[in-house]
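Shown next, in structure tokens, is the structure this report addresses.
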Number of protein chains: 4
Amino acid sequence: MQSRTSAARPGRPRSAAAATAILAATREVLVEVGWSKLTLGDVATRAGVAKTTLYRRWSGKNELVVDAVAELFDELELPDRGTLAADVEGVVLQFAAILARPEAKSGLMAVVAESTRDDALRQRIGESIVDRQKRLVLEGRARAQARGELPPEPDAAESARTMDLIFDVIAGAVVHRALVSAEPVDATWARSFTALLLNGLTAATTD
Amino acid sequence: MQSRTSAARPGRPRSAAAATAILAATREVLVEVGWSKLTLGDVATRAGVAKTTLYRRWSGKNELVVDAVAELFDELELPDRGTLAADVEGVVLQFAAILARPEAKSGLMAVVAESTRDDALRQRIGESIVDRQKRLVLEGRARAQARGELPPEPDAAESARTMDLIFDVIAGAVVHRALVSAEPVDATWARSFTALLLNGLTAATTD
Amino acid sequence: MQSRTSAARPGRPRSAAAATAILAATREVLVEVGWSKLTLGDVATRAGVAKTTLYRRWSGKNELVVDAVAELFDELELPDRGTLAADVEGVVLQFAAILARPEAKSGLMAVVAESTRDDALRQRIGESIVDRQKRLVLEGRARAQARGELPPEPDAAESARTMDLIFDVIAGAVVHRALVSAEPVDATWARSFTALLLNGLTAATTD
Amino acid sequence: MQSRTSAARPGRPRSAAAATAILAATREVLVEVGWSKLTLGDVATRAGVAKTTLYRRWSGKNELVVDAVAELFDELELPDRGTLAADVEGVVLQFAAILARPEAKSGLMAVVAESTRDDALRQRIGESIVDRQKRLVLEGRARAQARGELPPEPDAAESARTMDLIFDVIAGAVVHRALVSAEPVDATWARSFTALLLNGLTAATTD
DNA sequence: GACTAAGCGAGACGGTACGTCCTGTCTTGCT
DNA sequence: AGCAAGACAGGACGTACCGTCTCGCTTAGTC
């Protein structure tokens, strides 16, 4: 509502080009030197922008990196592959593809680490990054229910709890495999993992 | 024979007390200010030690924090609870208990993040922290097989692959729940998760 | 034309107050702890300035101390006392008065010592300090020639050589008396020294 | 008296070779890196000696350098050249020859600078270095008096005062020429200087 | 068409931490 | 006791970034 009218604040408007250049420069630097050696001064220089311009829009390194990495998740999409298993594998592989990019690898865990002491940051990560992926899982379940692969949810609370569990399992396993074990998340692994997960789910519900 | 038994190198030997004090101080500082504001100078001061002493033994913040956090995992142990499900829940809860401590929370993800650009660091984390937990899972499986809950492994390679998958799922899910979703890993969650995992496993093997 | 008048370089201009405060702080510290224990960090703190600001303008301790001490020589002046002898005594006593100040005592010899291995430093000392005093001697000679106490110089090269000799004798003797022998350069000593010097000069010229 | 009886102190006696090696190493380092970058650890290493050995004998850098430089003055000697003027020139050139050596150049002014805040150091310099040269001047005067070039001294106090003046003039002028003006003290300069000095003295005494 | 108000580049500023170097002291075991 | 070796507490170094601040200069909207 506020931004719609936008009220034409007096003074020179902020340059849209600057924001784009800064986020792109941030990802470049992440790729080249990693999170811990990323410098706001360096980012500003590469973006051809003054440090003041950067600080006018982001309060610090963490916020900037979250936004820079979040843009990587814009491309997430879940093509309908026909079966629940195929859809899950799709989510897994898409997520893994993003995690394989050095700008995500380096930045993502770092901001998560920072977020353990900064609630505002955690919330920002949740909105910009986590929820973006969660949406895919929700969509997949809706499709599966439409296809009749899964029964409709009778209890909303129970449903939400299961959803969270599934999401933690999927996202957690992929991240752990990719970053901690440092092994490739390829089609083979995705198939094994999906089998484990779906068997667990269907067996559980038939209990 | 000479180098194995230290051979009484010339000069004043390194103080054993210093290492202990430094690691303890590191955990203290992690609790108080978190990883990103942890300063080696600060750690040294608290430990009552000169910065030189610290740098003589650790090459930097990352290595130091890995060792400091690794000590937290020394207490890991897996009491025999009688059934596979109970044992898995035990592992999950023990791991979650460590992750709930602020010194681990703050430091663990940070060093994992750093390790994405530093192979030596990743290996160090693997040996000091990850393998320590993996051992519990291996032990749990052996017990289950002894009890007859799980069949013996016919194919060693396949067995190792399954083991890795299980480990990524357990560790990943717990970490994601605790640090990213920031929800408590309590007995209820542990039971749901274990059910999902074991159902997945047994169903899968009967396929 | 552009660079002469500074041309309004971009960015925030350097604070003039900072330079003043730094040089004053340097002299304070010289008085209190002497050259060898003078710390650039300490100077910066006292001046209410960051170390960066200090290093942006001076390349190190030596350059800083030269400038700080050089300012002491700003007050040098040679009142016309009527005779050559009186003027020489005036120069001697003025120089001695500066050397008696602890900030000069402590710093001057130290930078001279350093200058034996640093040509740029020696040149800086020459311009900022030595030449300032030399000027007085030149002025004294011109006056004496105007008064008819000394004959005009026929040979410029010979004149320069004599001038250098006289200057080394005056400056050297005063410094040696004050700093090495550590005896006061008072009116009595100045009179004896001046007699020796002027007798030597006039006798020499009559040879 | 103490060293005569020496009493065969218990324990291993101090190695005489160590002291020699340390002083030689000190001069080497002075030549190579100069006073300000000379390190006691470095000296010890070069001398093939432990730092403890060094500290057992000298209390610090200044004392060590004074002793190392003082040894250079051991070779001072004043051959009888027949006339007072020749003897003075001899002293001047000998002193200049030592000052021309980099180990003296670098170290001598530095310890003098330090001595402005350390009386014990000044005394040590006086005894080890300054008096060594002063002796030559005294000897020269005695010879000149024996030859009849100078009258015998009637008043001891006046004599001492004149002696000090002469010494400050000679030593001061040579040091200033060599280190501050950084011009060579060669035979030509020595002749001009000596003429100035002796003319001043004889004219003064005939006043 | 001047005025106002904010954005922008540049770069200096007060700070904090870095990782290294040196000091002078202290253990070691050997001589 | 002396001695080589080397660890130790402490402190300064000179550098790198941080986040803020002044500069002079756009670049829009409003009178």
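Values below: all heavy atoms of this structure, side chains included; hydrogens, waters and symmetry mates excluded. Residue numbering restarts at 1 for every chain, and letters A, B, ... go by the order of the sequence lines.
Take the nearest nucleotide of DNA chain F for P13(A) and for A18(D): the residue whose nucleotide is more 5' is A18(D). Positionally, the nearest nucleotide of DNA chain F for G41(C) lies more toward the 5' end than for the other of L40(A) and G41(C).
The side chain to side chain contact (heavy atoms under 4.5 Å, CB included) test with R27(D) is passed by exactly one of L72(D), V69(D), V65(D): L72(D). Under the side chain to side chain contact (heavy atoms under 4.5 Å, CB included) rule, R124(C) has a single partner from D119(C), V66(C), V111(C), which is V66(C).
The shortest distance between side-chain heavy atoms of M109(B) and W35(B) does not fall below 4.5 Å. Here the side chains of Y55(C) and L40(C) are in contact, with some heavy-atom distance below 4.5 Å. Side-chain atoms of R56(B) and R14(B), non-hydrogen and from C-beta on, do get closer than 4.5 Å to each other. The shortest side-chain heavy-atom distance between T39(B) and V29(B) does not fall under the 4.5 Å cut-off.
The distance between atom CG of L38(A) and atom P of dC17(F), rounded to the nearest whole Å, is 10 Å. If you take NZ of K37(A) and P of dT15(F), they are 19 Å apart, rounded to a whole angstrom. In this structure, CG of L64(C) is placed 11 Å from P of dC13(F), rounded to the nearest angstrom. What separates CH2 of W35(D) from C1' of dC22(E) is a distance of 13 Å, to the nearest Å. For D42(C) and dG10(F), the CG to P distance is 19 Å, given to the nearest whole Å. Atom CG of L54(B) is separated from atom C1' of dA17(E) by 14 Å (rounded to the nearest Å). Rounding to whole angstrom units, NZ of residue K61(A) and C1' of dA17(E) are separated by 13 Å. Taking atom CD1 on I22(A) and atom C1' on dG9(E), their separation rounds to 12 Å, with Å as the unit.
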Can you check salt bridge (Lys or Arg N to Asp or Glu O under 4.0 Å) on R46(B) and E28(B), steps first, answer last? CA-CA 9 Å; R46(B) 265 163 200 269; E28(B) 265 182 49; 3.0 Å; yes

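Residue-to-nucleotide contacts include no donor-acceptor pair under 3.5 Å from the side chain of T52(A) to the base of dG19(F). Judged by atom type and distance alone, K51(C) does not reach the base of dG15(E) through any side-chain donor-acceptor pair under 3.5 Å.
Contact annotation for S15(B): backbone-only contact, meaning every heavy-atom pair under 4.0 Å involves sugar-phosphate atoms and none involves a base. Contact annotation for G60(A): no contact, since no heavy-atom pair falls under 4.0 Å across all strands.
Using a 4.0 Å cut-off, no side-chain N or O of T53(D) falls inside it from OP1 or OP2 of dG2(F). Distances shown here put every side-chain N or O of R14(A) at or beyond 4.0 Å from the OP1 or OP2 atom of dA5(E). An OP1 or OP2 oxygen of dG19(E) is reached within less than 4.0 angstrom by no side-chain nitrogen or oxygen of R56(B).
Looking at K37(C) and E32(C), no side-chain N of the basic residue comes within less than 4.0 Å of a carboxylate O on the acidic one, giving no salt bridge.
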Write out a two-atom table: protein N or O, nucleotide N or O from nucleotides 29-31 of chain E, distance below 3.5 Å.
unit_1  : atom_1 : unit_2 : atom_2 : d
dT31(E) : O2     : R12(D) : NH1    : 3.4

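For Y55(B), the side-chain atoms get nearest to dT20(E) when compared with the rest of dT15(F), dT20(E), dA9(F).
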